[in-house]
Amino acid sequence: MNILIIGSGGREHALAWKMAQSHHCDQLFIAPGNPGTASIGTNVAIQINDFVGLKNLVLEHAIDMIVVGPEDPLVNGIFDYFAKDEETKHVNVIGPSQEAAQLEGSKAFSKHFMQRHAIPTASYAEFTHVNYAEGVEYIKAHSLPIVLKADGLAAGKGVIIAFTHQEALASFEDMIQNKQFGEASSKVVIEQFLEGIEVSVFALTDGFNYQIIGHAKDYKRIGEGDTGLNTGGMGCVSPVPFMDQTFMKKVEERIVKPTIKGIQSENLTYKGFVFFGLMNCGGEPYVIEYNCRLGDPETEVILPRLQTDLVSLLAAADNGTLEDVNIEYHAAAFATVMAVSGGYPGAYEKGFIINGLAEASTIAGALVFQAGTGFKEDTIITNGGRVLTTTAQGATLQDAVDNAQKALAKIHFDGMYFRKDIGFEFKA
Ligand code: AMP
Ligand code: GLY
């Protein structure tokens with residue numbers, strides 16, 4: 001089977017690494033990819049939202065399966081674009097329809113959905129310029145902290161956790177009156193702050209059946225001890241010690257099953273990954289958000305941990321046999337540690353030479369997944385905030401983290417920074 005992966009981050013490098021291992025994978029293309037994916041398959045310089053360009057590529061290379069990495073093309077309707085075209089409707093596009101992708105693309109849509117299906121989530125209200133004054137009163141009367149969310153996609157920046165009413169009111173005004181995130185913040189969801197530990201659970205669904213394919217804990221803050229600014233993710237561990245059978249059963253019964261049933265009963269077309277962003281509040285799971293794709297860097301631990309052939313799994317989601325697939329995990333623990341450019345998540349420079357990539361892979365079977373990298377002739381250079389991540393395994397989470405860090409210690413670029421405390425709360 002010929003396969004196309006859309007995207008260019010560490011998630012897509014991990015997808016390429018995993019899919020290339022399948023004997024069902026013939027030719028592998030990545031659009032646009034990065035130097036890491038170029039070492040596994042063929043990078044094609046087509047942008048993720050250039051549906052016409054992607055269609056031409058699919059026809060030219062008789063591509064059978066498309067895995068969409070990032071949310072943008074999904075929210076923009078890539079699934080429908082291929083499904084509705086006579087020439088491409090046979091292609092197995094892994095991702096929800098545009099309508100179903102609103103589970104990620106609109107916070108209000110997902111909150112309504114959870115409410116309709118009695119899925120545990122933070123209590124909320126939504127406001128636009130029409131009921132702005134009501135929103136001001138709502139904020140003033142709300143307990144602290146209080147969470148404000150731009151309804152639409154805002155490149156991961158649309159969530160504000162305010163610790164004073166003043167701060168909340170200022171953000172509310174910025175979002176609605178000053179259009180801080182453009183159209184994305186013309187509607188704002190205001191919700192209760194959930195106290196707990198955040199975790200991510202991943203399922204694959206065909207809209208009727210599902211399989212849970214992994215879970216992880218992501219470390220989102222830039223600083224050690226979970227301090228400082230939010231980032232795209234600084235590292236992950238999997239499995240997570242408290243996500244035992246009891247907790248996972250609650251997740252499955254209260255959240256995963258009602259979500260898939262809801263998708264089915266509302267006739268949403270959804271063949272793809274569901275990322276449940278959860279809060280573990282004293283042993284009880286709540287949904288913080290849905291994403292309609294895999295996480296980054298969660299993918300960089302869940303795919304190495306997953307033993308099951310991913311291409312077969314994605315084919316099963318297309319041909320109605322998802323229920324029959326056996327999901328198997330490696331026994332080891334996995335960790336990934338992200339190396340970022342100096343200054344990230346603020347301003348940073350690009351273009352620094354990266355040394356030591358080959359040496360890093362010699363450490364305890366570590367994997368290097370590239371994210372914000374680029375080529376300068378044949379040399380690999382930094383080209384983004386999150387530059388690369390090393391994934392390693394170990395008998396315990398701590399061993400896995402140690403191995404990932406040992407591998408990372410072989411790599412160097414000017415300004416390189418990484419957190420040395422990934423998995424800190426699970427230290428023996
Ligand atoms: P999101 O863009 O929905 O992933 O939100 C960004 C981050 O804000 C989440 O990963 C959480 O860390 C935090 N967050 C969002 N909603 C809540 C909430 N209701 N309570 C506590 N933290 C939240
Ligand atoms: N690591 C969080 C995300 O992919 O959204």
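Ligands are counted one by one from 1 in listed order, and the atoms in each one are counted from 1 as well.
- Phe82 and Phe51 have their aromatic ring centers separated by at least 6.0 angstrom.
- Counted by atom type alone, Tyr290 and Thr259 present one or more donor-acceptor pairs between their side chains at under 3.5 Å.
- Scanning the protein for heavy atoms near atom 19 (N) of ligand 1, the closest one is Glu191 OE2, 2.7 Å.
- Looking from atom 5 (O) of ligand 2 to the surrounding protein, the closest heavy atom is Arg293 NH2, 3.0 Å.
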*Is there a ring-ring contact (aromatic ring centres under 6.0 Å, His included) between Phe127 and Tyr138 once you walk through the steps?*
CA-CA 10 Å; Phe127 300 95; Tyr138 186 83; 5.3 Å; yes

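- Near Leu194, with a cut-off below 4.0 Å to any heavy atom, the atoms of ligand 1 are 18 (C), 19 (N), 20 (N), 21 (C).
- For atom 1 (P) of ligand 1, the nearest protein heavy atom (residue, atom name, distance) is Glu289 OE1, 3.3 Å.
- Every atom of ligand 1 is numbered from 1 in the order shown, and the set under 4.0 Å from a heavy atom of Lys220 is 10 (O).
- Counting the atoms of ligand 1 from 1 in the order shown, those under 4.0 Å from a heavy atom of Ile288 are 15 (C), 16 (N).
- Using a 3.5 Å distance cut-off with no hydrogens or angles, the side chains of Asp218 and Ser200 do not pair a donor with an acceptor.
- Closest to atom 8 (O) of ligand 1 among all protein heavy atoms lies Val159 CG1, 3.6 Å.
- Within ligand 1, counting atoms from 1 as listed, the ones closer than 4.0 Å to a heavy atom of Glu198 are 9 (C), 10 (O), 11 (C), 12 (O).
- The closest side-chain donor-acceptor pair between Asn49 and Asn76 falls under 3.5 angstrom.
- Of all atoms in ligand 1, listed by their number and element, those nearer than 4.0 Å to a heavy atom of Phe193 are 20 (N), 21 (C), 22 (N).
- For Lys107, the heavy-atom gap to ligand 1 drops under 4.0 angstrom.
- Taking any N or O of Met279, backbone or side chain, none lies under 3.5 Å from an N or O belonging to ligand 1.
- Atoms of ligand 1 found under 4.0 Å from any heavy atom of Val147 (numbered from 1 in listed order, with element): 16 (N), 18 (C), 19 (N), 20 (N).
- Here Glu300 does not pair with Arg11 in a salt bridge; the nearest charged N to carboxylate O distance is not below 4.0 Å.
- Of the protein's heavy atoms, Asp296 N, 2.9 Å lies nearest to atom 4 (O) of ligand 2.
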